[in-house]
Amino acid sequence: MGAANSRGIAITALAAVSLAAITTLARLSYDAGSNPVTLVAFRALLGVFVLPGIILLRGHSLLVPSAARPAVLGCAAGLAIIGYGYMGSVAYIPIGLAALIM
């Protein structure tokens, strides 16, 4: 197994753990006084600041080709709606049910 393969497995595992923990962390945030809008906004801002940094550190450009921009904006809007719906559901229904529906 090469270094690139090991890195891919590690990134996949991190993504799986993050996805699995998100509902529980959302519930804890709501219990501490947060709300779905604040939580989704925080997640989005974290992505806006962290991902470009990673992209630039790897030596890639942040520019999206003009032909791909509508698709990128559509995906971003869809992910924002899914994120808000999923995080919002945890505020009103049990975590297990939200994860099952997702």
Side-chain angles (χ1 to χ4, degrees):
M1 185 179 330
N5 195 16
S6 296
R7 184 174 43 225
I9 290 171
I11 291 170
T12 302
L14 179 64
V17 169
S18 298
L19 184 62
I22 196 166
T23 50
T24 303
L25 295 174
R27 176 81 264 159
L28 292 172
S29 296
Y30 298 147
D31 290 346
S34 185
N35 60 45
V37 174
T38 304
L39 187 62
V40 172
F42 176 74
R43 288 179 60 213
L45 284 175
L46 187 63
V48 165
F49 290 112
V50 172
L51 290 178
I54 292 171
I55 291 168
L56 292 173
L57 284 174
R58 294 189 53 117
H60 297 286
S61 172
L62 292 176
L63 295 177
V64 176
S66 59
R69 287 181 188 149
V72 169
L73 291 175
C75 287
L79 285 171
I81 292 167
I82 290 169
Y84 181 74
Y86 188 42
M87 294 297 96
S89 70
V90 175
Y92 304 106
I93 63 176
I95 294 171
L97 181 58
L100 183 64
I101 292 170
M102 178 67 168

Problem - Minimum heavy-atom distance S89-Y86, with the two atoms named - result: OG-O, 2.6 Å
Exercise for the section: Would you confirm whether S18, through its side chain, and L14, through its main-chain N or O, come within 3.5 Å as a donor-acceptor pair? Expected result: yes
Practice task
Provide the closest heavy-atom pair for G47 versus P52 in the form atom of the first, atom of the second, distance.
Solution key: O-CD, 3.4 Å
Practice task
Is it possible for you to say whether V72 and L63 belong to one hydrophobic cluster, with membership spreading through side-chain heavy-atom contacts below 4.5 Å?
Solution key: no
Practice task
Answer with yes or no whether the hydrophobic clustering places L79 together with L39; edges join I, L, V, M, F, W, Y residues whose side-chain heavy atoms lie under 4.5 Å apart.
Solution key: no
Handout entry: V37-I82 co-clustered via ILVMFWY side chain contacts under 4.5 Å
Key = yes
Fill in the blank from the handout: Between the CZ atom in F49 and the CG atom in L45, the distance rounded to the nearest 0.5 Å is 6.0 Å
Handout entry: Distance, nearest 0.5 Å, that separates OG1 of T12 from CZ of R7
Key = 12.0 Å
Completion exercise
Here the pair of heavy atoms bringing S61 nearest to I55 is O-CG2, 3.9 Å
Completion exercise
Heavy-atom nearest pair, N35 first then Y30, reads C-CE2, 3.4 Å
